[in-house]
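Every number for a ligand or one of its atoms is a count from 1 in the order of the listing.
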Amino acid sequence: MRMSRYFLPILKETPSEAQIVSHRLMLRAGMIRQSSAGIYSWLPLGLRVLKKIEAIVRDEQDAAGAQEILMPTIQSAELWQESGRYDDYGAEMLRITDRHKRDMLYGPTNEEQITDIFRKDIKSYRDLPKNLYQIQWKFRDEIRPRFGIMRGREFLMKDNYSFDLTPEAGVLSYNTMFIAYLRTFARLGLKAIPMRADTGPIGGELSHEFIVVAETGESEIFYESAFDNFDPLAIEADYGGDLQPIVDHWTSHYAATDEMHDASNCPDRLVTGRGIEVGHIFFFGDKYSKSMGAQVQNADGEMVNAQMGSYGIGVSRLLGAIIEASHDDNGIIWPESVAPYKVGLINMQVKDDDCTATCDKIYKTLQSQGVDVLYEDTSERAGGKFAKMDLIGLPWQLIVGPRGLKNGTVELKNRATSERVELSVEAAVSQLVG
Ligand code: ATP
Ligand code: MG
C-alpha cells in the first residue's frame, strides 16, 4: 500500500474523550471512528489488525478440532423464551420488533441458537463430540460503554459451543479449549492468566476467565507471582493426549478476580493488580440441552441430555489489550504476528530520483516476496513521516535517504528496540523477507 493513496486519517491532537492509552492510540492512528456510543467503524489500518487477530484465533480453533460456522446476528425471541433467558437477560439485550410484530433480538451470545441447530440434526452418540465456533458481531447494550472498542456495545466475539455425551467427555472439551486459549493469547504476544470465574447468567459450575494484566484493566485481580514464570508458548498441545496435567499446572496457583477473591482463604503473598478479560470459558452440562430438548441416544438406546460448554474470546477487545501491553510514548508497538504491515518503507526525499527509484524497486521486491509493506511515498517532511510511522507501530522501518544511498546503504529500524542498522539494500530486503 502506498501512503499517498491510503485512507489513514492520523490525528495530531490527543482526543480528549479517550481515557486510556489504547483508545487514544487507536483514534490517533486512524484505526477506528466512533459512530455512536460504543459503536465503531473500522478503518483500513484497524481492520487489518482485526483480521490478523481473527486469523490466529481461527487457526487455533481449527487446530483444536472446532469447526467454523456462521450464525445470524438477529435471533428470534422464541428460543430465548424456551431457555428462560429472555426475561433474565435484562436491559443489555437489544430487542427488536419486525414488521409482523414478531419479537427479535440482536444476539448478545448464541447458546440458544446453537442448541436449536444441534437438536434439529444431531440425534445419536455416534455424532458426538462436536465443537462448533463462529466469529461474529455481538450486541450488548452496556450501561457504560467506554475505553473505545474495549467495552463497546457492538463487538466481535469468537464464540464456540461443545457437545458431548458424558460429563467426563465435556470436561475434556473444556480442557481442550483451555489450552487452545492459552496458545491463542500467546501467539498474540499476550500472557493471559486463567482465573476461576463466576458463571453469571450463562450458568453452570466450571468456568475460567483469561485475564491480561494491565493497569487500565476493568477487573481487580489477585494472583501468585509464580505465574510470572509460566510460559504459554512452551505448551505443546497434543489434543489427542492427556490434557489434565497442563490444565492442573496452569491452575496450581491462586488467581482470582475480585468477584471470586476470598481474602480469608488465599495464600499470604499475592500480587494485586488490574486486568483485562480477553476470554471466558464455561462448562455448564445440561443447562440448555435440558430446557431446550437437545437429547441424543446413547449406546444403550436411552435418550440423554447433551453435555455442553461455551467459550468466548473478545476478538475486537484484544486490539485494545495488545496496545495496552505494547506501546511507548511515541505510539503503538505491534507484535509481528498481528502487525497491519510488517514494514514501513520511508522515502526521505521523493524529489530525489535515485531515492524514489530505489524505493519503488524495494517496494515491488518486498511485495513479490509476500512481505506486507506500507510505502511512505508522500512529500511530507521527514519528522512527520517518522512520527507517523512510530505512531502506527509497524515492527520495521526501512529508511531510504539520498545521503545513505551515495554509500549504497539504507537504514533498518526496529520499532520495539529503536535499534537502527545501516545495510545494503539487498541485505535489508533479505532480512525482511527471511
Ligand atoms: P465483561 O465481564 O467484560 O462484561 P462478560 O463476562 O460479560 O464480559 P462474556 O460473556 O464472558 O463477557 O463474553 C466473552 C468475551 O467477550 C469476554 O471475555 C470479553 O473478552 C468479550 N466482551 C464481552 N463484553 C464485551 C464488550 N462490551 N466489548 C468488547 N468485548 C466484550
Ligand atoms: Mg465473562
Side-chain angles (χ1 to χ4, degrees), residues 20 22-23 26 32 34-40 42 46 50 53-54 57 61 73 85 88-94 106-114 133-161 174 177-178 180-182 184-185 188 190 192-204 206-214 216-221 256-261 274-284 287-288 309-325:
I20 61 171
S22 57
H23 188 196
M26 287 184 78
I32 52 168
Q34 184 174 307
S35 140
S36 57
I39 303 179
Y40 290 84
W42 293 80
L50 190 67
I53 294 176
E54 235 186 276
V57 170
Q61 287 296 305
T73 53
R85 277 208 298 180
D88 292 353
Y89 217 92
E92 265 189 28
M93 180 185 277
L94 180 66
Y106 195 119
T109 177
N110 288 60
E111 281 79 9
E112 284 76 1
Q113 203 169 34
I114 194 81
Y133 77 98
Q134 67 169 350
I135 300 175
Q136 177 65 294
W137 294 90
K138 304 285 183 285
F139 194 94
R140 294 182 185 175
D141 204 351
E142 299 276 355
I143 188 162
R144 216 170 291 114
R146 57 182 184 160
F147 303 155
I149 45 83
M150 202 82 103
R151 181 166 297 282
R153 292 198 297 163
E154 191 179 56
F155 60 96
L156 190 61
M157 195 201 287
K158 184 285 301 168
D159 47 320
N160 61 316
Y161 307 88
Y174 183 89
M177 278 302 124
F178 187 104
Y181 273 37
L182 289 173
T184 302
F185 300 129
L188 298 170
L190 294 172
I193 302 176
M195 304 200 180
R196 201 53 196 249
D198 192 14
T199 53
I202 306 264
L206 187 54
S207 178
H208 286 89
E209 287 177 346
F210 290 78
I211 307 266
V212 172
V213 178
T216 49
E218 290 186 281
S219 318
E220 191 177 11
I221 55 175
T257 62
D258 53 351
E259 283 170 11
M260 293 293 277
H261 180 53
R274 303 196 71 81
I276 301 167
E277 181 192 325
V278 289
H280 197 165
I281 61 177
F282 302 86
F283 175 63
F284 43 72
K287 180 175 150 93
Y288 298 91
S310 77
Y311 316 87
I313 289 181
V315 176
S316 49
R317 178 180 286 181
L318 275 166
L319 265 92
I322 293 169
I323 297 174
E324 292 294 330

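- The contact set between ligand 1 and I149, taken as ligand atoms under 4.0 Å from a residue heavy atom, comprises 29 (C).
- Residue contact check: G279 has heavy atoms under 4.0 Å from atoms 18 (O) of ligand 1.
- Using a 4.0 Å cutoff on heavy atoms, I276 does not count as a contact of ligand 1.
- Relative ring orientation between H23 and Y40 is described as perpendicular, the plane-to-plane angle rising above 60° on a 0-90° scale split at 30° and 60°.
- Aromatic ring pairs are classed by plane angle as parallel below 30°, tilted from 30° to 60° and perpendicular above 60°; the pair F284 and Y288 is perpendicular.
- Side-chain contact between Q61 and I135 is absent, with no heavy atoms from C-beta onward closer than 4.5 Å.
- Between Y311 and Y181, the ring planes are perpendicular. Angles over 60° get that label, and only those under 30° would be called parallel.
- Heavy atoms of V278 come nearer than 4.0 angstrom to ligand 1 in at least one pair.
- Those atoms of ligand 1 that come under 4.0 Å of a heavy atom in G314, given as number and element, are 15 (C), 16 (O), 20 (O), 21 (C).
- Below 3.5 Å of separation, one finds no N or O of F282 facing any N or O of ligand 1.
- Between the OE2 atom of E277 and the ND1 atom of H280, the angle centred on the Mg ion (ligand 2) amounts to 100° when rounded to 10°.
- Note on K287 versus E111: no salt bridge recorded, every NZ/NE/NH1/NH2 to OD/OE distance being 4.0 Å or above.
- Residue-ligand proximity, E142 to ligand 1, at heavy-atom distances under 4.0 Å covers atoms 24 (N), 26 (C), 27 (N).
- Between R140 and ligand 1, at least one N/O pair is under 3.5 Å apart.
- Residues H261 and E220 are not in side-chain contact: their nearest non-hydrogen atoms beyond the backbone lie 4.5 Å or more apart.
- No side-chain heavy atom of T257 sits under 4.5 Å from any side-chain heavy atom of R274.
- Ring orientation note: the planes of F210 and F178 are nearly perpendicular, at an angle over 60° on the 30°/60° scale.
- Nearest to atom 4 (O) of ligand 1 by heavy atom, out of R151, E277, H280, R153, is R151.
- Using a non-hydrogen distance threshold of 4.0 Å, M150 registers as a contact of ligand 1.
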